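Accompanying notes for the structure given below.
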Amino acid sequence: EKGGYEHFMLKEIYEQPSAILDTFRGRLLSNEAIIKMVGVEDNMKKFLNANRIIIVACGTSWHAGLVAEYIFEDLARIPVEVEYASEFRYRNPIINENDVVIAISQSGETADTLAAIKLAKSKGAFVFGVCNVVGSSIARETHAGAYTHAGPEIGVASTKAFTTQITVLTLIALRLARAKGTISSSDYRMHLLELELIPEKVKTALESDAYVKTVAAIYKDAKNFLYLGRGYNFPVALEGALKLKEISYIHAEGYPAAEMKHGPIALIDENMPIVVIATKKGHYEKVVSNIQEIKSRSGKIIGIVTVGDEQVKNLADHVIEVPETIESLTPLLTTIPLQLLSYHIALMLGKNVDQPRNLAKAVTVE
Ligand code: F6R
């Protein structure tokens, strides 16, 4: 059942090239330059007339929502707010029939997300679900939706659900951008072509596994980790930190790289490993200067870089390469080594990778 892998988590990490392909299969028709998603087409008016999109989710799905915020605003020019479902439902939110709510949930059973949906519906909002489990409570409770088609995710730490959620949300953003005319047809085609290349590129990113394992061996006994990223990769930093916390029980924090100097920089010394996402597309020079600040305080730098990078290589203690892509799609690649890093560290520490303590696959209590 684990398909020859030692753990479900590792199997699911390695399934990502095919899971992402399954997510866009039949939906992305690049020859015709068409994105076909029934749930979106049937409700196009609601999406196009929306004053804003409110995304509600928890945990890793919330991180996917943060990535989507960048994509929707960047491409479709629709204002987006991303909310923890648990906060949204209890703070008397201002919401009405002109709002579109997107609820993201792998299991489709998360109690807080389900309650947030019911609240939004009671205020007249249109609610769209992005779920993995077919026929789940959230899939049934939403007005329309799009499944991720990632296949069953058994490992408690979410991996392929995250990348396939981002894939679905990217397709939706591109479809809306095209309908709104906020993207040129050449830019739109370019995005479709790049998205089609992602499964192969994820495969290439997975080739870093052996090297990531050597990095894991060096830092497995660290008591704290920092993860830094900017723009599209800020949510990836949050997700990397969450992955490490939940399965290795090492304290980790994700931060927007530029926020480091507003506090966390005080933590940096020679015992602090800092994972910095520094791909070529997206504020590269700014991140390089953040790396210089870390280096001058003797922090240990693990850079996630674009293949062929020289500048970060000269500064960092380790660099892990991912293939080049357009900025909006970098999270689908930069996430991969962070999943592998947490997996190897947890394994080396003798933790139960697939069933970490205190955690359940679906949080059905609030
Ligand atoms: C992280 C993780 C949790 C879930 C969260 C939401 O690896 O598994 O943070 O992402 O409980 O779950 P879903 O997506 O099922 O609503």
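Just so we're clear, the structure is a prediction, and the values are computed from it rather than from any experiment. When a ligand or atom number is given, it counts from 1 through the structure's own listing order. Count residues from 1 along the sequence.
The ligand atoms of ligand 1 that sit less than 4.0 angstrom from a heavy atom of Glu246 are 1 (C), 2 (C), 7 (O). The ligand atoms of ligand 1 that sit less than 4.0 angstrom from a heavy atom of Ser158 are 7 (O), 8 (O). With ligand atoms numbered from 1 in the order given, ligand 1 contributes 13 (P), 14 (O), 15 (O), 16 (O) to contacts under 4.0 Å with heavy atoms of Ser105. Each of the atoms 7 (O) of ligand 1 lies under 4.0 Å from some heavy atom of Ala157. Under a 4.0 Å criterion applied to the non-hydrogen atoms of Cys58, ligand 1 contributes the atoms 5 (C), 6 (C), 10 (O). If you number the atoms of ligand 1 from 1 as listed, the ones under 4.0 Å from a heavy atom of Lys243 come out as 1 (C), 7 (O). Residue-ligand proximity, Ser61 to ligand 1, at heavy-atom distances under 4.0 Å covers atoms 10 (O), 13 (P), 14 (O).
In summary, of the residues considered (Val212, Val322, Leu333, Ile336), a side-chain contact (heavy atoms from CB on, under 4.5 Å) with Leu206 occurs for Ile336 alone. Results of the side chain to side chain donor-acceptor pair (under 3.5 Å) test with Thr334 over Thr325, Asn233, Thr279 single out Asn233 as the only residue that passes. Of the residues listed (Thr164, Ile166, Thr159), the one engaging Phe162 in a side-chain contact (heavy atoms from CB on, under 4.5 Å) is Ile166, and it is the only one.
Looking at atom 12 (O) of ligand 1, its nearest protein heavy atom turns out to be Thr110 OG1, 3.5 Å. Protein heavy atom nearest atom 11 (O) of ligand 1, with residue, atom name and distance: Val363 CG2, 4.0 Å. Here the protein heavy atom with the shortest distance to atom 10 (O) of ligand 1 is Thr60 N, 3.0 Å.
Between Ser30 and Glu196, the shortest heavy-atom distance links the atoms OG-OE1, 2.8 Å. Closest heavy-atom contact between Lys213 and Met348: O-CE, 3.4 Å. Closest non-hydrogen pair, Ala241 versus Ala252, comes out as O-CB, 3.7 Å. Between Thr60 and Gln165, the shortest heavy-atom contact is O-OE1, 4.3 Å. Annotation for Phe47 and Gly39: closest pair CE1-O, 4.5 Å, computed over non-hydrogen atoms.
Under the 4.0 angstrom criterion for non-hydrogen atoms, Val156 is in contact with ligand 1. Not a single heavy atom of His63 sits less than 4.0 Å from an atom of ligand 1. Residue contact check for ligand 1: Ala362 places no non-hydrogen atom closer than 4.0 Å to it.
Polar contact with ligand 1: present for Ser107 (N/O pair, distance under 3.5 Å). Inclusion of Gly59 in the set of residues having an N or O under 3.5 Å from an N or O of ligand 1 is not warranted.
Using a 4.5 Å heavy-atom cutoff, the side chains of Ser328 and His191 are in contact.
In this structure, Lys2 fails the cation-pi test against Tyr5, since its NZ or CZ atom is not both closer than 6.0 Å to the six-membered ring centre and inside 45 degrees of the ring normal.
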